[in-house]
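Data first, discussion second: the structure below is written as structure tokens.
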Amino acid sequence: MKAEGTAMVSGASRGIGRSLALELAARGFEVVAGARDPASAAGLAEEAGRAGGRLRVERLDVTRPETLAPPDGLRVLVNNAGVEPEYLPVEHTPLDVWRRVFETNLFGLVELTRRSIPKLRATGGGVLCNVTTSSLLAPVPLYAAYRASKAAVSAFGETLTAELHAFGIRMLEILPGPIGTEMFAQSARRPEGARYSEYRGVAERVHAGRMGTEASVTAPEDAARAIADAILDDDAPLRLGCDPLSDGLLASWREQGDEAFRRGMLPAFVAPGAGS
Ligand SMILES: NC(=O)c1ccc[n+]([C@@H]2O[C@H](COP(=O)([O-])OP(=O)(O)OC[C@H]3O[C@@H](n4cnc5c(N)ncnc54)[C@H](OP(=O)(O)O)[C@@H]3O)[C@@H](O)[C@H]2O)c1
């Protein structure tokens with residue numbers, strides 16, 4: 001597609017969303033940068049303007065339907081807003097935690113998408129891009145609620161490849177690896193699941209695995225460039241990484257098949273000889 005018309009990005013106050021909003025403006029889209037609190041995105045329009053781009057900040061909280069108003073002329077929607085809950089084992093995760101993460105990561109995304117489809121169709125099609133996570137590819141313990149919310153987004157997007165095909169709306173799912181944002185920095189904490197003695201071992205392994213990714217962190221600006229390239233590439237596959245680690249994981253997953261890949265990942269999380 002050509003970089004023209006309007007692109008809307010949710011969760012543009014910081015992190016990947018902020019960098020992507022700036023990148024899409026620099027590529028030539030008129031960008032609506034959605035932020036829960038527009039004041040938190042102060043300076044974004046000016047920053048885009050200095051690089052010759054057009055960008056306006058609008059209030060957008062995916063859990064507040066009254067703030068979900070995709071504009072006319074919409075050609076690209078990026079569902080980027082997301083939250084991560086506490087890292088807890090399933091048996092110690094209250095349902096309220098599941099509800100909270102699904103409210104933002106799934107239901108909010110569904111409602112914003114639902115309202116955007118007629119706008120995308122009216123402009124003759126475009127791209128609908130969902131940001132999930134490369135952790136979908138691995139059986140990461142203590143991440144069940146987060147991974148399940150993103151897996152639901154993944155299935156949702158897959159259905160839309162067929163449902164929206166006739167309208168010229170192309171689906172894209174970006175599965176980031178470690179990107180240097182606030183969410184990633186927060187994930188360096190010792191998992192909350194370590195509070196439970198029976199899960200301490202697995203929590204330590206999750207923590208060690210997370211710390212091991214420090215050497216592979218990609219800057220949000222670089223991730224944003226890769227995502228913008230995929231949005232503009234009419235031949236892009238449905239699922240793509242946006243950094244070397246997620247690109248490598250996806251390539252191995254495709255090469256090995258999901259069963260062999262999952263078995264290969266298990267030793268990273270399970271002590272040798274544990275269970276059967
Ligand atoms: N960074 C990584 O390593 C990584 C890896 C895999 C996947 N991801 C995914 O990439 C996406 C962006 O993550 P990030 O690392 O840039 O995270 P981040 O730095 O924590 O930024 C998250 C963004 O989402 C916004 N947000 C949260 N709840 C929202 C809501 N109810 N309505 C609208 N916006 C909301 C935040 O707004 P406020 O400023 O108002 O809180 C913020 O702009 C997420 O979907 C995340 O799951 C990130």
Side-chain angles (χ1 to χ4, degrees), residues 1-83 104-132 153 156-157 160 164 167-174 176 181 220-221 223-232 242:
M1 75 184 302
K2 279 195 184 146
E4 53 190 25
T6 303
M8 188 175 201
V9 181
S10 69
S13 63
R14 57 190 157 91
I16 297 171
R18 181 187 171 93
S19 294
L20 184 58
L22 289 169
E23 182 65 29
L24 291 175
R27 302 271 182 127
F29 288 104
E30 192 172 331
V31 172
V32 176
R36 272 200 288 206
D37 172 11
S40 67
L44 199 57
E46 292 72 16
E47 195 174 337
R50 281 195 294 276
R54 285 174 301 165
L55 180 153
R56 66 179 188 274
V57 176
E58 284 187 5
R59 181 168 175 238
L60 190 164
D61 180 334
V62 294
T63 65
R64 306 287 296 263
E66 72 276 15
T67 70
L68 305 181
D72 290 339
L74 188 68
R75 302 222 40 237
V76 175
L77 171 67
V78 183
N79 282 314
N80 162 79
V83 290
T104 297
N105 291 4
L106 180 65
F107 302 135
L109 176 149
V110 168
E111 184 58 15
L112 180 57
T113 303
R114 196 178 73 80
R115 294 177 186 213
S116 297
I117 289 169
K119 304 285 184 179
L120 288 163
R121 190 175 53 224
T123 52
V127 172
L128 219 160
C129 173
N130 293 327
V131 180
T132 62
V153 170
F156 171 75
L160 292 183
L164 304 182
F167 309 142
I169 300 173
R170 175 163 58 87
M171 296 303 300
L172 199 56
E173 177 184 343
I174 302 293
T181 66
E221 295 78 11
R225 270 192 286 277
I227 298 171
D229 286 346
I231 287 171
L232 290 169
C242 60

CG-CG distance between Leu128 and Leu164, expressed to the nearest 0.5 angstrom: 7.0 Å

Residue pairs involving residues 116-131 (criterion side-chain hydrogen bond (donor to acceptor under 3.5 Å, both in side chains); sequence neighbours excluded): Asp72-Lys119, Asn79-Asn130

Note, Leu60 side chain near Leu112 side chain (heavy atom, < 4.5 Å): yes

Minimum heavy-atom distance between Pro65 and Thr63, given as atom pair plus value: CD-O, 3.5 Å

Enumerate donor-acceptor pairs with a distance under 3.5 Å from any side-chain N or O in residues 2-16 to protein atoms, sequence neighbours excluded.
| from | atom 1 | to | atom 2 | distance (Å) |
| --- | --- | --- | --- | --- |
| Ser10 | OG | Asn80 | N | 2.9 |
| Ser10 | OG | Ala81 | N | 2.9 |

Value rounded to 0.5 Å, distance of CZ in Phe107 from CZ in Arg114: 14.0 Å

Throw together a table of side-chain donor-acceptor distances under 3.5 angstrom for residues 37-56, partners on residues two or more places apart or in other chains.
| from | atom 1 | to | atom 2 | distance (Å) |
| --- | --- | --- | --- | --- |
| Asp37 | OD1 | Ala39 | N | 3.0 |
| Ser40 | OG | Asp37 | O | 2.6 |
| Glu47 | OE1 | Arg18 | NH2 | 2.8 |
| Arg54 | NH1 | Glu30 | OE1 | 3.4 |
| Arg56 | NE | Glu58 | OE2 | 2.9 |

For Arg64, all residues meeting side-chain contact (heavy atoms from CB on, under 4.5 Å), sequence neighbours excluded: Arg59, Asp61, Glu66, Thr67

Straight-line distance of Asn105 CG to Leu109 CG, nearest 0.5 Å: 8.0 Å

Stepwise side chain to side chain contact (heavy atoms under 4.5 Å, CB included) check, Ile231 with Met1: CA-CA 8 Å; Ile231 287 171; Met1 75 184 302; 4.1 Å; yes

Which atom of Ile174 lies closest to which atom of Ala230, heavy atoms considered: CD1-CB, 4.4 Å

With sequence neighbours excluded, residues passing side-chain hydrogen bond (donor to acceptor under 3.5 Å, both in side chains) with Arg27: Glu23, Asp229

Within-4.5 Å side-chain heavy-atom neighbours: Leu22 and Ser19: no

Considering all heavy atoms, the nearest Ala25-Val31 contact: N-CG2, 3.4 Å

Pairwise distance CZ(Phe167) to CD1(Ile117) - rounded to 0.5 angstrom: 8.0 Å

Nearest non-hydrogen partners of Gly125 and Ile169, listed with the distance: CA-CG1, 4.0 Å

Separation between CG of Leu160 and CE of Met171, rounded to the nearest 0.5 Å: 4.5 Å

Listed partners of Thr132 passing side-chain contact (heavy atoms from CB on, under 4.5 Å), at least two apart: Leu136, Lys150, Val153, Glu173, Leu175

Gap separating the CG atom of Leu20 from the CD1 atom of Ile227, nearest 0.5 angstrom: 5.0 Å

All salt bridge (Lys or Arg N to Asp or Glu O under 4.0 Å) counterparts of Arg75, not counting sequence neighbours: none

